[in-house]
Amino acid sequence: MTLTRTTCPYCGVGCGVLAGADGTIKGDPDHPANFGRLCSKGAALGETIDLDGRLLNPMIHGKRADWDTALDLVADTFSAAIAQHGPDSVAFYASGQLLTEDYYVANKLMKGFIGSANIDTNSRLCMASSVAGHKRAFGTDTVPGTYEDLEQADLIVLVGSNLAWCHPVLHQRIAAAKEARPAMRVVNIDPRRTATSDLADMHLSITPDGDVALFNGLLAHLADTAHIDAAFTDAHISGLADTLAAARTTDVSDTGLPADVLNAFFTLWAETKKVVTVYSQGVNQSQSGTDKVNAILNCHLATGRIGKPGCGPFSVTGQPNAMGGREVGGLSNMLANHLEIDNPDHRAAVQEFWNSPTICTTAGLKAVDLFQACADGKIKALWVMSTNPAVSMPDADGVAAAIANVPFVVTSDMIEATDTNALAHVLLPAAGWGEKDGTVTNSERRVSRQRSFLPIPSEARPDWRIVSDVATRMGFGDAFAYQKPADIFAEYVALDTALSPFPRDLDLSIFADADYANLIPTQWPRNGHRFFADGAFYHPDGKARMISVTAPKLTKPRLALNTGRTRDQWHTMTRTGKSPRLGAHLAEPYVEIHPTDAAELGAVPGAVIEVQSLYGTALLRALITNRTPKGQLFAPMHWTRQRTTTGTINSLTAPVVDPVSGQPSLKAGAVTAQVYPAAWYGFLACRDHPKAQTPYAAISRTNTGWQVELAGRDIPNDWEAEAQKIAGLHGANVSVQRDPASGTTRVALVQDGEIAALLFVAPRPVVIARSAIIAAIGTDTPSLDALAGRHAANLPDPGATVCACFNVGRNTLISAISAGAGSVTALGAATCAGTNCGSCKPELKALIAEASIPMAAE
Ligand SMILES: Nc1nc2c(c(=O)[nH]1)N[C@H]1C(S)=C(S)[C@@H](COP(=O)(O)OP(=O)(O)OC[C@H]3O[C@@H](n4cnc5c(=O)[nH]c(N)nc54)[C@H](O)[C@@H]3O)O[C@H]1N2
Ligand SMILES: Nc1nc2c(c(=O)[nH]1)N[C@H]1C(S)=C(S)[C@@H](COP(=O)(O)OP(=O)(O)OC[C@H]3O[C@@H](n4cnc5c(=O)[nH]c(N)nc54)[C@H](O)[C@@H]3O)O[C@H]1N2
Ligand code: SF4
Ligand SMILES: [Mo]
């Protein structure tokens, strides 16, 4: 089997992968991001490359169409809207999951040829506050950090980052460095305790949005304890006095942290020279996101802890090409290659290079405003590429209605059934990971190749080609006559050379003579280059600016909703949702709720909770845990209307944004909650794709088909019919067992001599060995035995999966622990858990420490 060297399509760590057409996936030992490591998602990539559910040909109004018809329709409709209503009447909504080449051509078409800047991307929901904060401080959007800094630091402060689940390989690198050098300290600043807190010497359970107060307090402490580097600030920094004055007005009690904890953190930070502050969505996705970023940067600038090995602020990027999108200028307030829209010289230079008929002159609409403009009828044609805004935008139901209000909606996706595709007039089939070729840039500015190792299936096409084909039909063929991604990459590098008179951090000259086919992972401007080492920044005076920020006035709702990610799912689950082993980690939309809040609501473990906001309602499984503080709920963002009836968390989030960056606040919103008065709970395992319409339903893949968690208010009068309806099976042989004493009902559906579906219903949350039920699907076990669970008598129930690589369940681990496996290493030896990708090590440690992780539905 020949293995192709490529890059993981998930997070911004950007791990190198060796991949084979048979589904073989290995970490690339030579890639400097991961040196052979992969996390559970990366390791399961082989399970996601099948064609099940793929969009394989263009569709117009739900009917199959050929490419020429679809491309003509898209080009003509966009051209007509532009002619009639002007360039700002159309918009693209793109993604940090596009490759650099795709992104470059989409940006070029909108800004240089259509002449509008109405191209925004899901990076608005992700990195916009960091971009804005960097620009305010450095004069450029520069991420100065490298992964080696994390290993060289003496103190790593993780702010609003669940690195263990969201950047697992970086987490593992830090864990390994800490093990080798136990003096290294890690501080985790997050309202919740997470798997990341496990690595930390100190977990600061900060009040939501208390971060500005915390870092302002730190700055004041640094000044009071003579830790300001006067030589550095005199020479290279402006704004110190004002910033410090503003910081001193801060009331640190706004952090919600006790004085001794604050002092311990301040002292540790002040007295450790090599500090890296890593930050992510707990910082960016906030109404004070940009101020949070600057509050962090202020501390690094004041102490000169930037531009040196083992030091510096480090905004880790989320998506595989979030950084590449920033480089090509794919946000509505950027031009191209780190140039500015409102600078006429920049515009002229880009227009000249593109030889384009026009160029945008003002910033375009940012994501929230863009969808508002759709709702207001101002957008006549919208093209969504490689993102699923009907799920991932705040006020997702409002956004879905806004998209439905646009007269002409095009989507490019690799999967057919998505919540956004359901609203589109034209669906264009995109080639996916493994099929397409191009480049991505990771969190440490390292450009790596994604290479194809699979044929492009059926009629799918790579995104760069789809955009170029439409551009050509709009009359711009000369400027979009690319034959292959290498042509685009070469043009992008040449543009950078043409822009060299403008001083910028972006410098792609290292790629000028690049051998694209054999490109090895390379950082810009040069491997190992240290930005700001010489104290030179990019504001006109060559200095960095400290920015005065004041802590926001916090209104503390009685119940706040925090949202984020789980270890084994990626965003809206179109790809990770295909993998049974990834689905087994947490198979339902759940809500973490503190035991006191749960008691107040009267929620028992496994209850369904109805969470409401001004914008909508969601039903979520209660996961009662003291990891989330009292008064704060946490729910994952992954579940869609394809997989749940009412589990889409963005139905509840508000479209309020940071005033500087336009990034939505997705981590703190006021909600109310009550126990959903379910009259019945159910669990169904089945062979074929189920259809669930019950009020609470969550569908997930298993290795024998599918499973559905169910709950409802009204008890169906015919469970046999209900089971057939959900399992999508009619004419099966039905067996039923009823136990009037406990109120439970069990239904087996047998087709072609095989168990095709099993349904278990109870008046309380169903307690049953789900893995044994799932294992019976597709077997010829007599149906009554299957209902009694007899087929599984000699199979112990492994419980919910903890180790996705070796499918090791919680119960297996607990019995190994009680049999004496007292360390992560011993557990690995006994069960294999944690010995491949290592993503579950924090959970293994937590299990050992008996800080047990309650699973929603066991
Ligand atoms: N498994 C997995 N990994 C992923 C992704 C995925 O979907 N799944 N997505 C990728 C993408 S695009 C991104 S952007 C990254 C995101 O990576 P992260 O930012 O690490 O992930 P989140 O879970 O969104 O949020 C991080 C933490 O912020 C905390 N937080 C909430 N409010 C506050 C606050 O006011 N202050 C502080 N200090 N913390 C707060 C939350 O409790 C949460 O634990 O992950 C990337 N990696
Ligand atoms: N409540 C809440 N909401 C959030 C967040 C949060 O923390 N909380 N985080 C936000 C953040 S940081 C992000 S990045 C967003 C992510 O949100 P989205 O970008 O909406 O989520 P994805 O599921 O990654 O969507 C990618 C889509 O592209 C498709 N796709 C995959 N590969 C290709 C390809 O090669 N070409 C094309 N054309 N399509 C492809 C996939 O099938 C999928 O439909 O969510 C944001 N929303
Ligand atoms: S850490 Fe995991 S998801 Fe992120 S790039 Fe590496 S293998 Fe992929
Ligand atoms: Mo993101």
Side-chain angles (χ1 to χ4, degrees), residues 9-13 39-41 53 55 94-99 102 121-127 158-168 188-194 196-197 204 206-211 214 278-286 288 292 316-320 322 384-394 396 411-415 418-421 428-433 435-436 450 460 462-463 466 560-576 628 632 634-638 640 649-650 652-653 663-669 839:
Y10 298 125
C11 85
V13 178
C39 76
S40 47
K41 294 180 298 303
L55 175 65
S95 165
Q97 294 169 68
L98 289 172
L99 303 178
D102 305 327
T121 91
N122 61 3
S123 282
R124 183 69 59 195
L125 317 179
C126 185
M127 307 313 309
L158 298 158
V159 195
S161 156
N162 186 5
L163 208 73
W165 280 10
C166 297
H167 298 88
N188 175 214
I189 301 171
D190 191 316
R192 297 195 296 151
R193 264 191 82 79
T194 64
T196 305
S197 315
L204 272 54
I206 195 168
T207 292
D209 286 342
D211 306 82
L214 180 68
V278 173
Y279 51 97
S280 188
Q281 299 315 334
V283 168
N284 292 336
Q285 288 172 341
S286 158
S288 55
K292 289 188 189 189
V316 282
T317 49
Q319 299 179 87
V384 178
M385 302 174 200
S386 200
T387 176
N388 197 358
V391 183
S392 55
M393 282 289 293
T411 56
S412 310
D413 206 296
M414 42 178 309
I415 298 298
T418 76
D419 289 350
T420 306
N421 284 358
L428 302 175
W433 182 79
E435 300 154 6
K436 57 196 273 180
Q450 270 193 22
D463 289 288
I466 301 175
L561 176 68
N562 178 7
T563 66
R565 291 155 171 81
T566 64
R567 192 190 75 193
D568 287 355
Q569 295 301 340
W570 177 260
H571 297 160
T572 70
M573 293 168 68
T574 61
R575 288 171 292 165
T576 44
T628 190
Q632 295 177 39
F634 172 85
M637 61 167 292
H638 305 295
T640 65
I649 204 65
N650 280 323
L652 307 182
T653 52
Q663 177 156 357
S665 153
L666 291 162
K667 299 275 188 259
S839 299

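As the structure lists them, so they are numbered: ligands from 1, and atoms in each ligand from 1.
No donor-acceptor pair under 3.5 Å is formed between the side chain of Ser412 and the backbone N or O of Ala430. No donor-acceptor pair closer than 3.5 Å links the side chain of His167 to the backbone N or O of Val13. A donor-acceptor pair under 3.5 Å links the side-chain atoms of Gln663 to the main chain of Leu125, judged by distance alone. Remark: the backbone N or O of Val283 is not paired with any side-chain donor or acceptor of Asp211 at under 3.5 angstrom. Using a distance-only test at 3.5 Å, with no hydrogens or angles considered, a donor-acceptor pair links the side chain of Thr420 to the main chain of Ala390. In this structure a side-chain-to-backbone donor-acceptor pair under 3.5 Å is missing from Thr411 to Asn421. Formation of a donor-acceptor pair under 3.5 Å by the Lys41 side chain with backbone atoms of Arg567 is found in this model.
Which parts of ligand 1 touch Val159 is read off a 4.0 Å heavy-atom cut-off, strictly below it: atoms 38 (N). Ligand 1 places these atoms under 4.0 Å from at least one heavy atom of Arg192: 42 (O), 43 (C), 44 (O). Of all atoms in ligand 2, numbered sequentially from 1 with element shown, those under 4.0 Å from a heavy atom of Asn122 are 19 (O). Near Cys126, with a cut-off below 4.0 Å to any heavy atom, the atoms of ligand 1 are 14 (S). Each of the following atoms of ligand 2 lies closer than 4.0 Å to a heavy atom of Ser412: 37 (C), 38 (N), 39 (N).
In this structure, Thr566 counts as a contact residue of ligand 1, since one of its heavy atoms falls inside 4.0 Å of the ligand. By the 4.0 Å heavy-atom criterion, Ile415 is counted among the residues contacting ligand 2. Using a non-hydrogen distance threshold of 4.0 Å, Trp570 registers as a contact of ligand 2. Under the 4.0 angstrom criterion for non-hydrogen atoms, Ala431 is in contact with ligand 2. Assignment of Lys667 to the shell around ligand 2 is supported, since a heavy atom sits closer than 4.0 Å. Put simply, part of Pro191 is less than 4.0 Å from ligand 1, judged by heavy atoms. Residue-ligand proximity: His638 is placed with a non-hydrogen atom under 4.0 Å from ligand 1.
Taking distance alone, with nitrogen or oxygen atoms compared against 3.5 Å, Ser280 approaches ligand 1 more closely than that limit. The shortest N or O to N or O distance between Thr653 and ligand 2 is not below 3.5 Å. The N/O atoms of Ile189, backbone and side chain alike, include one that comes under 3.5 Å of an N/O atom in ligand 1. In terms of polar-atom proximity, His167 is not counted as a contact of ligand 1, lacking any N or O under 3.5 Å from an N or O of the ligand. Not a single N or O atom of Thr194, backbone or side chain, sits closer than 3.5 Å to an N or O atom of ligand 1. In terms of polar-atom proximity, Trp433 is not counted as a contact of ligand 2, lacking any N or O under 3.5 Å from an N or O of the ligand. Note: no N/O pair closer than 3.5 Å links Gln281 and ligand 2 by distance alone. Residue Gln319 has no nitrogen or oxygen atom sitting less than 3.5 Å from a nitrogen or oxygen atom of ligand 1, judged on distance alone. Close N/O approach between Gln97 and ligand 2 is found [any backbone or side-chain N/O within under 3.5 Å]. Between Ser386 and ligand 2, a contact under 3.5 Å exists for at least one N or O pair. At under 3.5 Å, a nitrogen or oxygen of Asp209, whether backbone or side chain, sits near a nitrogen or oxygen of ligand 1.
Scanning all protein heavy atoms for the shortest distance to atom 26 (C) of ligand 1 gives Gly160 O, 3.4 Å. Ranking protein heavy atoms by distance to atom 34 (C) of ligand 2, first place goes to Asp463 OD2, 3.6 Å. At the shortest separation from atom 36 (N) of ligand 1 among protein heavy atoms lies Asp211 OD1, 2.9 Å. When hydrogens are left out, the protein atom nearest atom 10 (C) of ligand 2 is Gln285 NE2, 3.4 Å; that is the closest non-hydrogen contact. Shortest contact from atom 12 (S) of ligand 1 to any protein heavy atom: His571 NE2, 3.1 Å. Atom 1 (N) of ligand 2 has as its closest protein heavy atom Asn650 OD1, 2.7 Å. Protein heavy atom at the shortest distance from atom 47 (N) of ligand 2 is Ser392 O, 2.7 Å. In terms of protein heavy atoms, atom 13 (C) of ligand 1 is closest to Gly318 CA, 3.2 Å. Annotation: atom 23 (O) of ligand 2 to nearest protein heavy atom, Thr572 OG1, 2.6 Å. Distance from atom 8 (N) of ligand 1 to its nearest protein heavy atom, with residue and atom name: Gln569 O, 2.6 Å. At the shortest separation from atom 20 (O) of ligand 1 among protein heavy atoms lies Asn162 N, 2.7 Å. In terms of protein heavy atoms, atom 31 (C) of ligand 2 is closest to Met414 SD, 3.4 Å. With hydrogens left out, the protein atom closest to atom 30 (N) of ligand 1 is Gly282 CA, 3.6 Å, a heavy atom. Nearest protein neighbour of atom 35 (O) of ligand 2, counting heavy atoms only, is Lys436 NZ, 3.0 Å. Annotation: atom 24 (O) of ligand 1 to nearest protein heavy atom, Arg565 NH1, 2.7 Å.
Screening Asn188, Asp190, Ile189 for a side chain to side chain contact (heavy atoms under 4.5 Å, CB included) involving Leu204 leaves a single residue, Ile189.
Contacts with ligand 2 closer than 4.0 Å are made by heavy atoms of both the backbone and the side chain of Asp413. Under 4.0 Å from ligand 1, the heavy atoms of Lys292 that appear belong solely to its side chain. Here Leu125 has heavy atoms under 4.0 Å from ligand 2 in both its backbone and its side chain. Counting heavy atoms closer than 4.0 Å to ligand 1, residue Met127 contributes nothing at all. Here Cys166 has heavy atoms under 4.0 Å from ligand 1 in both its backbone and its side chain. If you look at Trp165 next to ligand 1, the close heavy atoms, those under 4.0 Å, all belong to the backbone. Here Met393 has no heavy atoms under 4.0 Å from ligand 2, in either its backbone or its side chain.
Shown here are the side chain to side chain contact (heavy atoms under 4.5 Å, CB included) partners of Ser386, two or more places apart in sequence or in another chain: Ser95, Gln97, Leu98. With sequence neighbours left out, the side-chain hydrogen bond (donor to acceptor under 3.5 Å, both in side chains) criterion links Lys436 to Asp102, Asp463.
Using a 4.5 Å heavy-atom cutoff, the side chains of Asp419 and Thr572 are not in contact.
In this structure, Asp568 CG and Thr566 OG1 are separated by 6.5 Å, a value rounded to the nearest 0.5 Å. The CG atom of Leu163 sits 14.0 Å away from atom OH of Tyr279, with the distance rounded to the nearest 0.5 Å.
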(request) Applying side-chain contact (heavy atoms from CB on, under 4.5 Å), run through Leu99 and Gln450 and close with a yes or a no. (result) CA-CA 8 Å; Leu99 303 178; Gln450 270 193 22; 3.5 Å; yes
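Considering each of Val316, Asp190, Asn188, Leu158, the one bringing a non-hydrogen atom nearest atom 41 (C) of ligand 1 is Asp190.
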